[in-house]
J.: 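I am attaching a structure below and will ask some questions about it afterwards.
The figures here come from the full heavy-atom set of this structure, side chains too, leaving out hydrogens, waters and symmetry mates. Just so we're on the same page: letters track the sequence lines, and every chain starts at 1.
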2 protein chains.
Amino acid sequence: MLIQIDFSSEEAIYQQLCNQIILGIATSQFTEGQALPSVRQLADDIGINMHTVNKAYTVLKQEGFVKVDRRRGAVISVDVDRIRAQKSIDKELRILLAEAICRNLTRQDIHAMVDRIYDDYGEVNER
Amino acid sequence: MLIQIDFSSEEAIYQQLCNQIILGIATSQFTEGQALPSVRQLADDIGINMHTVNKAYTVLKQEGFVKVDRRRGAVISVDVDRIRAQKSIDKELRILLAEAICRNLTRQDIHAMVDRIYDDYGEVNER
DNA sequence: CATCTGTTATATTATCGATATAACAGATGG
DNA sequence: CCATCTGTTATATCGATAATATAACAGATG
């Protein structure tokens, strides 16, 4: 899977890495059990420091997206705790929807956006 | 409107301020034309530095939630640019929904959460 | 004219993101 | 057995950011 970093973004590099890998899992470009590139390998490919990749992997591990195997490195292993996930997503969604309401976006608008995104992500599967 | 700051949060204080005020606008606890507390007043109330509040107001101004009147201070004035808002929200939603999919939350789950939040925000209006 | 508004300038402290160099422990394959 | 790969840890440095503090300025109010 291609990983793209926007160096002019305000978003931290390690955070962009986390997001892209989560996106990759959601679109099945990374699958359960698959090994991620090694910290040194990925750092080299992107042209960043090893520790930046290591931080991303560490965060992904703590958030339950990968497990680390001494032999194979970081391996995709999604911890599915729906209750906990729902809480975390609800919290972020509340902030996002507050802004949406201020901008006069209706709940129908949001439903449409959600459907569109789910469709987009689903389509990546069928190639 | 009561403004609560979590000092143990990793989220910056000025960012929490922005979010709470946007939340206040979404729930009509702040209404168009209403003046926010002065930077010094609010800083005193919360027990933080004036410049932290000033930064929050500056960000809210740049994002089109308030305008500043020399006489009255920061006044709620929401700039409704639906196209721009849609883009910004879509981007954040894509990251959020990627995580949701990883955790096995269906689009129906998300629709339910969205409806719940819209209902919650709407109810504040009817008091 | 005292008092309120936001705004600006400067300085300091602490934290964080990213980089760099280096080393360690465990596993692998020739 | 040893070179090589894995993540991990330990320091150190540099720059940017968050928050604080003190101070001053310009415009409006009563």
Side-chain angles (χ1 to χ4, degrees), chain A residues 1 3-22 30 33-79 95, chain B residues 1 3-22 30 33-79 95:
Chain A
M1 182 206 172
I3 288 187
Q4 289 271 45
I5 297 299
D6 177 5
F7 290 98
S8 65
S9 168
E10 301 162 20
E11 203 174 18
I13 297 177
Y14 83 91
Q15 191 62 62
Q16 292 185 50
L17 271 177
C18 287
N19 287 341
Q20 297 234 3
I21 290 167
I22 292 172
F30 287 128
Q34 182 178 347
L36 291 175
S38 80
V39 288
R40 290 173 177 85
Q41 178 71 55
L42 187 53
D44 258 20
D45 286 354
I46 305 178
I48 59 175
N49 192 277
M50 179 197 72
H51 292 96
T52 307
V53 179
N54 190 249
K55 168 136 193 184
Y57 283 9
T58 303
V59 171
L60 287 172
K61 190 172 65 176
Q62 284 175 335
E63 292 183 351
F65 288 102
V66 306
K67 284 187 178 170
V68 169
D69 183 346
R70 263 282 174 202
R71 297 164 289 182
R72 308 175 55 210
V75 175
I76 304 289
S77 167
V78 180
D79 173 31
I95 300 170
Chain B
M1 182 204 174
I3 289 187
Q4 289 273 43
I5 296 298
D6 176 6
F7 290 97
S8 64
S9 168
E10 302 162 19
E11 203 174 17
I13 295 177
Y14 83 92
Q15 191 61 63
Q16 291 185 51
L17 271 177
C18 288
N19 286 342
Q20 297 234 1
I21 289 167
I22 292 172
F30 287 128
Q34 181 178 349
L36 291 174
S38 80
V39 288
R40 290 173 176 85
Q41 178 70 54
L42 187 52
D44 258 19
D45 286 353
I46 304 178
I48 59 176
N49 193 277
M50 177 197 75
H51 292 96
T52 307
V53 178
N54 191 249
K55 167 137 192 184
Y57 283 9
T58 303
V59 171
L60 287 172
K61 189 172 65 177
Q62 284 176 335
E63 292 183 350
F65 288 102
V66 306
K67 284 186 177 171
V68 168
D69 184 343
R70 264 283 174 202
R71 297 162 289 181
R72 309 176 53 211
V75 175
I76 304 290
S77 167
V78 180
D79 173 31
I95 300 169

J.: May I ask which nucleotide in the shown strands pairs with C:dG29, Watson-Crick or G-U wobble, both distances under 3.5 Å?
T.: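 Check on C:dG29: paired to D:dC2, both distances under 3.5 Å.
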J.: Decide yes or no for B:Ile22 and B:Leu60: does some side-chain heavy atom of the first lie under 4.5 Å from some side-chain heavy atom of the second?
T.: yes
J.: How many whole angstroms separate atom CZ of B:Arg40 from atom C1' of D:dT20?
T.: 15 Å
J.: If every non-hydrogen atom of A:Gln16 is compared with every non-hydrogen atom of A:Ser9, which pair is closest and at what distance?
T.: NE2-CB, 3.6 Å
J.: Rounded to the nearest 0.5 Å, what separation is found between the CZ atom of B:Arg40 and the CG atom of B:Asn49?
T.: 10.5 Å
J.: After noting the C-alpha distance and the side-chain angles of A:Ile13 and A:Ile46, does the key distance pass the side chain to side chain contact (heavy atoms under 4.5 Å, CB included) rule?
T.: CA-CA 11 Å; A:Ile13 297 177; A:Ile46 305 178; 5.9 Å; no
J.: Below 4.5 Å, heavy atoms only, C-beta onward: do B:Ile3 and B:Ile21 meet side chain to side chain?
T.: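 Result yes, sub-4.5 Å side-chain heavy-atom pair found.
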J.: Closest approach of A:Leu42 and A:Pro37, non-hydrogen atoms and distance?
T.: CB-CB, 4.0 Å
J.: Identify, residue by residue, the members of residues 8-16 of chain B with a heavy atom below 4.0 Å from DNA chain D, and return them in order of residue number, or none.
T.: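 Output list: B:Ala12, B:Ile13, B:Tyr14.
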J.: Give none if D:dT20 has no partner; otherwise give the nucleotide forming a Watson-Crick or G-U wobble pair with it, both distances under 3.5 Å.
T.: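 When the pairing criteria are applied, C:dA11 turns out to be the nucleotide that pairs with D:dT20.
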J.: Where does the chain B footprint on DNA chain C start and end, counting 5' to 3' with a 4.0 Å heavy-atom cut-off?
T.: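 Nucleotide range in contact with chain B: C:dT5 to C:dA9.
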J.: Hey, could you give me the CZ/CD distance between B:Phe65 and B:Gln62, rounded to the nearest 0.5 Å?
T.: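 That separation rounds to 12.5 Å.
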J.: Measuring from A:Thr58:OG1 to A:Tyr14:OH, what's the distance to the nearest 0.5 Å?
T.: 11.0 Å
J.: For A:Arg72 and A:Ala35, which heavy atoms make the closest approach, and how far apart are they?
T.: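 Smallest interatomic distance, heavy atoms only, reads O-CB, 3.9 Å.
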J.: In the strands shown, is D:dG30 matched to any nucleotide by a Watson-Crick or G-U wobble pair with both distances under 3.5 Å, and which?
T.: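 For D:dG30, the partner nucleotide comes out as C:dC1, under the 3.5 Å rule.
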J.: Determine the contact category for B:Lys67: base if any of its heavy atoms lies under 4.0 Å from a base atom, sugar-phosphate if only primed atoms, P, OP1 or OP2 are that close, otherwise nothing.
T.: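 Here B:Lys67 touches no strand at all.
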J.: Heavy atoms within less than 4.0 Å of DNA chain D: which residues of residues 44-60 of chain B have one? Give them sorted by number.
T.: B:Ile48, B:Asn49, B:Met50, B:His51, B:Thr52, B:Lys55
J.: Please give me the minimum heavy-atom distance between B:Lys61 and B:Val68, naming the atom from each residue.
T.: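 Where B:Lys61 meets B:Val68 most closely, the heavy atoms are CD-CG2, 3.7 Å.
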J.: Can you name the nearest heavy-atom pair linking B:Ala56 to B:Cys18, along with the distance?
T.: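 Of all heavy-atom pairs spanning B:Ala56 and B:Cys18, the closest is O-SG, 3.6 Å.
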